[in-house]
Amino acid sequence: MNEFFAGVTALLDPTIGLCLLAGVLLGTLVGAVPGITATMAVALAAGFTLTLEPLQGLAVLLSIYVAAQFGDRVPAILVNTPGTPASIASTFDGYPLAKQGKAGVALTSSALVSAVGSLAGILILVLAAQPLASIALRFGPPELFALVIFGLTMMVGVSGGNVLRGLVAGAAGLLLGTIGRDPITGVQRFTFGFSELSSGVPFIAAIIGLFGIAELFNQLAETRTKSMPAPITQLGAWWPNKAQRRELIKPSAIGTGVGAVVGVVPAAGGDIAGVIAWAQAKRASKRPEKFGKGSLEGLAAADSASTATMGGSVTTTLALGVPGDSVMAVMIGSMIIWGLQPGPALFVESPDLVYSLATIMVIATFLALALALVRMQGVVKLLALPQQYLTTIIIAFCIVGTYAVSSSVFDVVLMLMFGLIGLLMRRFGFPAGPMVLGLILGPLAESNLRRALVIDGFGSIFTSPIAVGLIILSLGAVLLPWLRSTIASRKTRATADVSR
Amino acid sequence: MNSVPAVGTPLETSGERSTAVHTPLAGPAGAPRTVNIRGLLVAAAVAAVGTTLILPTHSLEFTTADGSIGPGWWPTVLGGALLVGAFAIALVSFRTPDEVPDERVSAHGLGRLGAVLLATVLYGAAWYYLHFLPVTALFLSALMFITGGRGIKALLVFPALTAVVLYGLFKMLLQVPL
């Protein structure tokens with residue numbers, strides 16, 4: 001109980017309130033603009049929050065994370081374009097509802113169920129983080145190594161991209177993690193005489209380069225053939241009536257349940273949860289034929305699920321030190337720089353932190369909900385903002401934000417190099433997430449593997465039931481998508497042969 | 001699993017990009033398979049990166065004086081993993097077509113990217129000698145011009161205001177020595 005009060009009272013500093021407000025405004029804004037993801041926004045914000053106190057910085061980053069999940073519903077519903085990947089499933093029924101003249105009801109319902117999902121997820125964080133960390137505290141070097149491999153392979157496996165290239169990106173990230181001082185002997189590796197690299201590749205420069213500037217470089221380099229449809233501006237009634245409110249209850253419960261489970265799985269985020277919950281709600285609905293054609297139930301399931309993942313993601317990140325999703329991968333980078341190493345030991349060193357973070361997320365949820373209910377018309381205008389304004393602002397923030405971390409031009413050059421690497425990766429199908437995760441968790445993986453090998457050779461890994469279990473799950477994460485696509489392509493070929 | 005409707009124009013998915021197959025997987029039964037040149041090039045690039053990263057590890061110890069694993073071991077394992085990955089990508093390239101992004105890179109787009117990079121380098125050089133505010137305003141104006149902004153509002157007012165906001169946020173509020 002003392003830890004709870006310590007965690008909550010730590011937030012009484014008025015500057016934290018300002019940070020929360022700024023984060024919510026920024027998060028709603030970036031969520032509402034397609035092309036800027038929450039990961040990109042948190043990476044950009046990491047550049048200037050590092051000069052703040054850890055709690056102030058975490059308030060900004062977490063509230064961007066929460067609010068982006070409210071803002072991204074607006075373009076999903078009004079333009080049929082998800083503001084961030086988490087709102088992909090919102091388009092399935094949100095846009096058809098808007099076309100039927102129910103955009104206002106869709107936006108309000110979405111905001112309400114998103115808040116319910118978010119609060120349920122935070123409850124998971126409060127209840128599950130400490131017990132999960134207690135279990136993880138018993139982990140030795142073999143289990144910790146297996147945990148990193150589990151996190152990496154899950155990120156590759158669930159991303160839905162090319163698994164092989166995801167694994168290569170992860171290995172490249174682990175290699176980048178070897179730059180700097182060897183974690184056991186302290187010998188300098190691959191620094192090429194640059195003192196700036198002696199403590200490793202600067203996280204923030206790499207993160208901003210790979211997630212922020214690379215996306216912009218990609219947008220600059222390509223010719224967009226698809227243009228965004230004009231937003232629906234007639235919002236109609238904005239508050240759902242009694243029957244509509246009753247309609248929201250069951251799918252929201254399904255969505256919240258699905259989101260809570262998916263959120264705890266490392267690297268699985270709101271996009272996956274939204275789609276799964278939509279399908280489950282359709283199966284459980286009395287009117288499944290309306291799904292995809294403008295069903296409030298479908299919208300409620302998708303939106304409550306994607307926000308419910310947030311609490312689970314933070315739980316996995318804090319308790320295990322393995323990011324719950326790509327935003328959390330960026331947050332881990334910032335936390336390490338602040339001297340907060342996510343993982344079970346964090347609960348021994350700063351037991352009140354989990355309550356501080358949960359409180360920040362609760363306040364951010366209510367602020368984002370309030371903003372979502374009052375600013376609809378304004379956001380519709382925002383969707384018409386010319387792209388060059390956004391591009392220019394983001395490039396400027398990438399450069400100045402990276403420089404601000406340690407007043408180093410070297411970091412800016414490195415960030416631009418990572419931007420070009422990220423561009424090439426994007427064009428050739430290599431996901432950036434596993435590379436960032438490899439870079440962040442590389443030293444942890446290496447030091448624990450080497451310790452495990454010194455203790456009892458490879459036997460130490462294969463005699464630990466937890467390590468073996470995690471490695472089996474890791475193999476499943478990379479082999480299942482491959483197996484699924486192989487079976488699907490065989491079926492397609494068989495069907496084609498039969499029809500011929 | 002129920003089928004899900006198509007999304008309008010997602011700009012980014014969890015898989016980072018949407019993909020489209022541009023060459024046939026295989027012709028009708030008996031027809032020769034198409035070799036995926038793009039995939040082979042990717043494999044060669046990954047192999048080159050792996051080899052380049054393995055080479056410097058020779059200067060690092062594999063085992064330390066007390067017999068435990070040295071600092072060169074892990075990078076060599078990872079470099080080897082990249083080579084295995086390159087081999088696997090090459091192998092897959094003989095069986096399946098590569099995935100290409102929906103949107104193609106254009107010469108105009110590459111020119112725009114080059115211009116942005118050049119402007120950034122010039123900005124870095126000018127910032128070294130001149131005050132942050134005028135240099136940044138000029139840089140932002142150049143970025144706006146390159147990305148298609150025209151008129152006084154886009155080329156003058158917006159860059160000046162943004163430069164002031166950046167200065168206020170980073171220099172005044174966060175005390176960053178700009």
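As a basis for the values below, the full set of heavy atoms in this structure was taken, side chains included, without hydrogen atoms, waters or symmetry mates. Predicted model only: the values in this text are computed from it and were never measured. A, B, ... follow the sequence lines: proteins, then strands. Residue 1 opens every chain.
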Segment of B:A154 engaging chain A (4.5 angstrom heavy-atom cut-off):
both
What part of A:I184 gets within 4.5 angstrom of chain B, counting heavy atoms only: side chain, backbone, both, or neither?
neither
Within the 4.5 Å heavy-atom criterion, are A:F397 and B:L166 side-chain neighbours or not?
yes
By a 4.5 Å heavy-atom criterion (distance strictly below it), what part of A:L423 contacts chain B: side chain, backbone, both, or neither?
side chain
Is B:F139 close to chain A through its backbone or its side chain, or both, or neither, when contacts mean heavy atoms under 4.5 Å?
side chain
Winner by heavy-atom pair count (cut-off under 4.5 Å) against chain B, out of A:L216, A:L420, A:L175
A:L175
Set of salt bridge (Lys or Arg N to Asp or Glu O under 4.0 Å) partners for A:R189, sequence neighbours left out:
A:D182, A:E446
In terms of heavy-atom pairs under 4.5 Å with chain B, the winner among A:I399, A:L424, A:V454 is A:I399
Mutual orientation of the aromatic rings belonging to B:W127 and A:Y403 [parallel < 30°, tilted 30-60°, perpendicular > 60°]:
tilted
Approximate separation, where rounding is to 0.5 Å, of B:L113 CG and A:N218 CG
9.5 Å
According to side chain to side chain donor-acceptor pair (under 3.5 Å), does anything in residues 133-162 of chain B pair up with another residue at least two apart or in another chain? List the pairs.
B:Y123-B:T136
Counting heavy-atom pairs closer than 4.5 Å to chain A, which one of B:G50, B:G124, B:A88, B:A81 comes out on top?
B:A88
Non-hydrogen side-chain atoms of B:F158 and A:I393 separated by less than 4.5 Å:
yes
Quick check for you: to the nearest 0.5 Å, what is the distance between A:L453 atom CG and B:I69 atom CD1?
4.0 Å
Quick one: are B:I146 and A:Q388 in side-chain contact, heavy atoms under 4.5 Å?
no
So B:V121 and A:L416, do their side chains get closer than 4.5 Å, heavy atoms only?
no
Interatomic spacing from OG in A:S447 to CH2 in B:W74 - rounded to 0.5 Å
10.0 Å
Rounded to the nearest 0.5 Å, what separates atom CG in A:L220 from atom NE2 in B:H108?
9.5 Å
Between A:V187 and chain B, which part of the residue has a heavy atom less than 4.5 Å away: side chain, backbone, both or neither?
side chain
Under a 4.5 Å cut-off applied to non-hydrogen side-chain atoms, are B:Y167 and A:V400 in contact?
no
Let me confirm one number: the CG-CD1 distance from A:L164 to B:I89, rounded to the nearest 0.5 Å.
5.0 Å
